[in-house]
There are 2 protein chains.
Amino acid sequence: MAQRVKLSTIAEALGLSTATVSLALRDSPLVADVTRDRIKDAARELGYIYNRRAASLRTSRSGIVGVCVHDVMNPFYGEILKSIESELDRHRQTFILCNHHDDLSKQRSFIDTLLQLGADGLILSPALGTPAADIRLAEENDLPVILIARTIEGAGVRGFRGDDAYGMGLAVDHLVELGHRSIAMIGGTRATSTGREREAGYLDGLKRAGIEFRPHWRIEGPRERLSGFESAGAFLAIDTPPTAIVCFSDLVALGLMYGLSRGGVRPGVDVAIVGYDDIEEAAIATPPLTTVSNGQSEVGERAASALLERLQGTEAAEHTTLIEPSLKVRLSCGAKSSG
Amino acid sequence: MAQRVKLSTIAEALGLSTATVSLALRDSPLVADVTRDRIKDAARELGYIYNRRAASLRTSRSGIVGVCVHDVMNPFYGEILKSIESELDRHRQTFILCNHHDDLSKQRSFIDTLLQLGADGLILSPALGTPAADIRLAEENDLPVILIARTIEGAGVRGFRGDDAYGMGLAVDHLVELGHRSIAMIGGTRATSTGREREAGYLDGLKRAGIEFRPHWRIEGPRERLSGFESAGAFLAIDTPPTAIVCFSDLVALGLMYGLSRGGVRPGVDVAIVGYDDIEEAAIATPPLTTVSNGQSEVGERAASALLERLQGTEAAEHTTLIEPSLKVRLSCGAKSSG
DNA sequence: CTGAAAGCGCTTACAG
DNA sequence: CTGAAAGCGCTTACAG
């Protein structure tokens, strides 16, 4: 290719200074309308490409926001990412995505990259075991952080997530109303705030109903479709299997339903199942999945807005906002209670 | 925060020049070992953060590779993205993801951003209707492009994708062997090379078997789970419904199976179904889905390698490499042929 | 309304 | 083995 076109190329072609060209391209009112139009036309004709590195070196604003989650492929993040994307788009921020797969070192190297690129901010669903110090390091280096989905003790930053304990309570209450007295919980781990909260909501729900928790009702671990599928075996191996199951997530529930079907047990008929998240697939599954809607799009939108406000100069705050979840009743919990 | 630490901060602290510090941090053999160690220690202690914008302004290498696909949430891209990610990781390239949602202007603005950031390359699954000129614009501005999954006439760049026509042929052949003589195809559009190729494979398959194609066997459009679900209605409305269905993708097939179940038709019993892509869920679905494995991880890996080679200085080539697909027989095609 | 000049934080020949 | 200086392509006071 020919010599790259830069501000000075345009300036020379028109007999102007680079200062004027720079101002004109950014629609500064300091430049006369006629001049501005001439400059913009020339820029277009010459195929000028704005060099953001050079600009951001000067202004220390990059227009980049990092978004880092466990796994972008997980539909749980679908709504969240979608609303973050549209919010950032509107403010002409480029958003760069990253999976950390719950690997702390991947997360760290992504944060490092953002710092090196002079990114303007980070929206993070922190990896398992993220120490508060990691968040502070970013903040101390002028990278504002907003947490989503999971929160971290002592991180001192703003966070947005669903009220997981309350939401899981809704699920349990509903099953109790249907007459169930033996309710399992499958999936999730205490290593995340989400896992702890949802488990707490489950245990509280049982307590409210005066049901005594049995340790073998709790199958920990599964957080995705495949492990949900595999957990069907463990569930069916329980001596007297519970009549109902609350799952850590819809993905776990959907995998579990596949697993139970294969084991000859009919979800929604032989056993009641409730998921969590209300992903798109829940409504069309066989049977349609009763679940807890988590307000994900609100989480995404508010996280993005909070970040944009901080970029505008608002002070950092450090509380976590809980979005109120709601129950979506469908057919998967239609099992007759049998005990 | 305090004044930002830069090369010169370290240089001053140690009584050295920035040149030496710069070389030392990049492990140049020009710097004495002792000096290098002192420098690295100081950098760590001072909390030095490398400024990539400044460096890349000078070197015109950014270490950034863009990856842009229709929708990162689509599990079809799962394997592809995973192998691209690990390949780029190993070469210390930061990869930034973007969805274009088949919106040309979104794709263009992403390419623009990459150009502005001085990105080193782009791996692209082009949006519907992407003109060859868009690809050439990138190439002319020193942004090498590699295409995946979909190809574009006359783009003049390297591409990698599964052999879609051949793969769909495998699916049809298998159904014919099972005795089916009326086979529908659901999903996909002629606006993408993938859609055209898979449809061509379907039609050729019918021809090979001496089956005359009926227009009402072809339900165009669906490319995702939800629209696959909805297409069940259209299928069941056919006067004498075909005994077998090949789907544009696993997602379409899985949605369709949900839809058929709800309509009281048992997939794999009342009607044979074959998907395409062999995503993880296919193996655990109810019933397990017969499908065509597309070699996605090979696509991702080879696309990333091809790009890395070009960054190394290899000349651009322009042929498309077809990865050979293979059939995975499971239970969803176990329907008895009835005509 | 427009221009000349400094500077953002690196890297890279070139000297020594 | 180390240093002084130029330059990557912008933006931003400051002058005029």
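Numbered from 1 within each chain, the chains take letters A, B, ... in sequence-line order.
Between B/Arg52 atom CZ and C/dT11 atom P there is a gap of 12 Å when expressed in whole angstrom units. Atom CG in A/Leu25 sits roughly 9 Å away from atom P in D/dC10 (whole-Å rounding). In this structure, the CG atom of B/Leu7 is 12 Å from the P atom of C/dT12, given to the nearest Å. Note: CG (A/Asp142) to C1' (C/dG9) measures 16 Å, nearest angstrom. A straight line from CG of B/Leu30 to C1' of D/dT2 spans 10 Å, rounded to a whole angstrom. Atom CG in A/Leu57 sits about 13 Å away from atom C1' in C/dT11, given to the nearest Å. One interatomic measurement links the two molecules: CD1 of A/Ile39 to P of C/dC1, which rounds to 13 Å at whole-angstrom precision. Residue B/Leu14 contributes atom CG, which lies 13 Å from atom C1' of D/dT2 at whole-angstrom precision.
Checked against C/dG3, D/dT11, C/dT11, the side chain of A/Ala55 finds its nearest nucleotide in D/dT11. Checking C/dT2, D/dC10, D/dT2 against the side-chain heavy atoms of A/Val31 singles out C/dT2 as nearest. Distance from the side chain of A/Arg58 is smallest for D/dC10 among the nucleotides D/dG3, D/dC10, C/dG9. Ranking D/dC1, C/dT12, C/dC10 by closeness to the B/Ala32 side chain, first place goes to D/dC1. Of the candidates C/dA5, D/dC10, D/dA5, the closest approach to any side-chain atom of A/Ala19 belongs to C/dA5.
Residue B/Gly118 is out of contact with every strand shown, counting any heavy-atom pair closer than 4.0 Å. Note on B/Ser56: nothing from the nucleic acid sits closer than 4.0 angstrom, heavy atoms only.
In this model, the phosphate group of D/dT2 is approached by a side-chain N or O of B/Thr35 to a distance below 4.0 Å at OP1 or OP2. Neither OP1 nor OP2 of D/dC10 sits under 4.0 Å from any side-chain N or O of A/Ser22. Using a 4.0 Å cut-off, some side-chain N or O of A/Thr20 falls inside it from OP1 or OP2 of C/dG3.
A salt bridge is defined here as a Lys NZ or Arg NE, NH1 or NH2 lying under 4.0 Å from an Asp or Glu carboxylate O, and A/Lys40 with A/Asp27 meets this definition.
Counted by atom type alone, B/Ser86 and B/Arg90 present zero donor-acceptor pairs between their side chains at under 3.5 Å. Using a 3.5 Å distance cut-off with no hydrogens or angles, the side chains of A/Arg158 and A/Thr321 do pair a donor with an acceptor. No side-chain donor-acceptor contact under 3.5 Å links B/Thr192 and B/Arg223.
Toward the 5′ end of DNA chain C lies the nearest nucleotide of B/Asn51, the other residue of the pair B/Arg26 and B/Asn51 mapping further downstream. Along DNA chain C, the nucleotide nearest A/Pro29 and the nucleotide nearest A/Ala54 are compared for position; the residue whose nucleotide lies closer to the 5' end is A/Pro29.
Around the CD atom of B/Gln312, the shell of radius 6.0 Å holds more than 12 heavy atoms that belong to other residues, nucleotides or ligands.
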